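A short write-up of the structure that comes next.
Fair warning: this is a prediction, and the values are worked out from it, not measured in the lab.
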Amino acid sequence: MSDLAANIARAKSYLARFHQDGVMNHIGGESVAAADGLTFQSVSPVDMEPLATVARGTAADIDRAAKAAKAAFPAWAAMSGEARKALLHRIADAIVRRAEEIAFVECMDTGQALKFMSKAALRGAENFRFFADRAPEARDGRTLRAPDQVNMTTRVPIGPVGIITPWNTPFMLSTWKIAPALAAGCTVVHKPAELSPLSARLLVEIAEEAGLPKGVWNLVNGFGEDAGRALTEHPDIKAIGFVGESRTGSMIMRQGADTLKRVHFELGGKNPVIVFADADLERAADAAVFMIYSLNGERCTSSSRLLVEESIHDAFTATVAEKARRIPIGHPLDPKTVIGPLIHPDHEKKVLSYVDAARREGATIAAGGAKVTTGDLGRGCYVEPTLFTNARNDMRIAQEEIFGPVLTAIPFRDEAEALALANDVHYGLTGYLWTSDVTRAFRFTDALQAGMIWVNSENVRHLPTPFGGIKNSGIGRDGGDWSFDFYMETKNVAFATGAHAIARLGG
Ligand code: NAD
């Protein structure tokens, strides 16, 4: 049996329970159908075959889940940081034990390649370990002295929180948002994306099997406009951690206004990779290719704009085009596959519409640009890795987030033009700079409008560093202690250190 055939057989065994029982909500420690019995179908982008019938939660389910999270909050918040640390490590251990199941289910649900999803499952465990280790110190604060006074700050968990996640790498992203909330002492209602709901169900089960008390983590499946909306409007939910599109972020802000929700947004990007002629061009080409074509280009931090110094533009883009053509496209469970199917036919249509836009706007399609229609792949949402050249920054292909394996290359004359082009978008999530001139690197990164910048590197995450975007790419930061700032309230207590004179009012 080939590796692929063996993997497909294993995936079938992992998916059998979803075929049979569907995906239920999970509220107060119980697996439950939606209150009004509604469901929706989840299909695999690999072959459009149904994967599961999923509970379609609405406002009534969110209300139940929010009440469960509220009821569980006092005991969870009062638990010692050490006890929470031990529990979160047990969840990480359980994720590692079930990493293959998580990765296989995720591949079939999202179309992402096993090559990346097996790492993403383990990164999920790392997220739990990272925040587990910080749980004991999460409440610590500072002392601030004044005459006759010592101030002590302390942090307390904000309360039950709502977590809303997208479909692209749902398992990893859910752990990234939920682990710090739990470590901080918050209880959670999670609303995963309707297009890839399977791994969120595994995650809540794993957490409770590892000993998480009932009601601390609740899961409500459903659509953004009803379950998602109700979560953002619920008065018992004190904050919303959201990962998704920028325009959904605006909607959530409006929806949360009446209940004064605290919001944390990780949104879209149109991230530049800027390549100067003095860079290590071989490494720069590999990194540019990796950052746009890995994870099907369905990645917020993807380097979707390639800005290249004029003198090397033609040779460099020819190298990138050549590398793009050689990228293996295939079934996500094939260990060799880099590019799998896009999440859904609607998304595939959107991505391909940019190929038409590129043609209309006068750009050149230097690689790819078509749906894959051959053999079994013709049944899924496969799109070739695509490179546009001869583009201008005012074209839609240079301004809008395509969220697929599509790269737009634009030449620049000098540093000033490179910076102007890099900053001339509404987004500001990441930037990737390639140069061997250290003074320029300092100057350029100082002026580049992005929340995260890598110099002479692809995106390599270090969890203590801040993660987040500026402009339309987000509000707030995750990672390190920044996550706790969001999930906790800071209190100040002032202690008098002497008997200072108190003004007597009225005699
Ligand atoms: P989306 O905004 O369409 O959906 C994300 C989630 O929001 C889903 O669970 C959806 O059901 C929910 N939702 C939709 N409308 C809602 C509403 N009115 N109220 C409450 N919830 C609502 O995003 P998507 O298409 O699932 O994901 C792709 C987007 O996510 C891209 O823009 C990508 O850049 C972004 N993303 C950002 C990061 C980051 O860290 N910055 C990471 C991954 C993905």
Side-chain angles (χ1 to χ4, degrees), residues 1-24 31 39-55 94-125 165-175 192-206 209 219 221 294-296 298-299 327-345 347-348 372 374-383:
M1 205 178 343
S2 71
D3 284 350
L4 174 59
N7 285 352
I8 290 176
R10 284 227 287 288
K12 273 203 179 121
S13 72
Y14 290 134
L15 289 167
R17 55 164 287 191
F18 290 115
H19 280 302
Q20 204 181 313
D21 305 331
V23 180
M24 305 283 261
S31 192
T39 58
F40 65 96
Q41 279 299 314
S42 175
V43 296
S44 175
V46 174
D47 49 16
M48 304 316 295
E49 292 294 326
L51 287 174
T53 302
V54 186
I95 290 174
V96 172
R97 278 196 299 277
R98 287 174 71 175
E100 180 184 277
E101 174 189 4
I102 294 162
F104 278 42
V105 165
E106 192 89 317
C107 288
M108 292 304 290
D109 205 15
T110 63
Q112 299 281 10
L114 186 60
K115 191 186 274 296
F116 304 114
M117 288 309 97
S118 41
K119 289 198 190 105
L122 294 174
R123 164 69 198 283
T165 47
W167 47 257
N168 57 330
T169 50
F171 185 82
M172 198 289 288
L173 281 171
S174 302
T175 60
E194 50 271 43
L195 290 178
S196 55
L198 267 48
S199 61
R201 173 71 219 183
L202 294 179
L203 190 49
V204 72
E205 273 175 28
I206 287 171
E209 279 163 23
L219 168 73
N221 287 286
S294 59
L295 298 175
N296 298 345
E298 295 166 321
R299 174 182 200 158
I327 290 176
I329 309 175
H331 194 294
L333 292 176
D334 187 331
K336 291 192 293 296
T337 292
V338 171
I339 293 197
L342 298 180
I343 184 76
H344 189 270
H347 187 56
E348 179 192 77
V372 180
T374 45
D376 279 352
L377 301 194
R379 295 163 63 208
C381 306
Y382 293 85
V383 170

Heavy-atom closest pair (V96 atom, A125 atom, distance to 0.1 Å) is CG2-CB, 3.7 Å
Shortest non-hydrogen separation from M108 to A11 and the atoms involved: CG-CB, 4.2 Å
With side chains defined as the heavy atoms from C-beta onward, is the minimum distance between E106 and Q112 less than 4.5 Å? no
Using a 4.5 Å cut-off on heavy atoms from C-beta on, say whether the side chain of V46 contacts that of L333. no
In this structure, is the centre-to-centre distance between the rings of H347 and W167 below 6.0 Å? yes
Going by heavy atoms in the side chains, are M117 and T169 under 4.5 Å from each other? yes
Got more than 12 heavy atoms from elsewhere within 6.0 Å of CG, D21? yes
Any donor-acceptor pair under 3.5 Å from R201 side chain to M24 backbone: yes
Any Lys/Arg nitrogen of R98 or E209 sitting under 4.0 Å from an Asp/Glu carboxylate oxygen of the other? yes
Can a donor-acceptor pair be found, under 3.5 Å and without considering hydrogens, that links the side chain of D109 to the backbone of L198? yes
Applying side-chain contact (heavy atoms from CB on, under 4.5 Å), run through L173 and N168 and close with a yes or a no. CA-CA 9 Å; L173 281 171; N168 57 330; 3.5 Å; yes
Between atom CG of L122 and atom CD1 of I102, what is the distance when rounded to the nearest 0.5 Å? 8.5 Å
Can any side-chain N or O of D334 pair as donor or acceptor with the backbone N or O of K336 at less than 3.5 Å? yes
Check F116 against V338 and note the closest heavy-atom contact, atom names and distance. CE1-O, 3.6 Å
To the nearest 0.5 angstrom, please state how far the NZ atom of K12 sits from the NE2 atom of H19. 8.5 Å
Quick one, L377 and P341 - any side-chain contact, counting heavy atoms below 4.5 Å? no
I want to check something: taking the side chain as every heavy atom from C-beta on, are I339 and Y382 in contact at a cut-off of under 4.5 Å? no
Pairwise distance NE2(H344) to CE(M48) - rounded to 0.5 angstrom: 5.5 Å
Do P335 and N7 make a side-chain contact, defined as non-hydrogen atoms from C-beta onward lying under 4.5 Å apart? yes
Going through the checks in order, is the side-chain contact (heavy atoms from CB on, under 4.5 Å) test met by T53 and Q41? CA-CA 5 Å; T53 302; Q41 279 299 314; 2.8 Å; yes
Shortest non-hydrogen pair, E101 vs L202, comes out as OE2-CD2, 3.5 Å
Can you confirm whether P170 sits close enough to S196 that some side-chain heavy atom of one is under 4.5 Å from a side-chain heavy atom of the other? yes
Main-chain N/O of H331 paired with T337 side-chain donor or acceptor, under 3.5 Å: yes
If you look at every heavy atom in I95 and A121, which pair is closest and at what distance? CG2-O, 3.5 Å
Of the non-hydrogen atoms in C107 and P332, which two are nearest, and what is the gap between them? O-CG, 3.8 Å
Test item: F18 and L51 side chains (from C-beta on) under 4.5 Å apart, heavy atoms: no
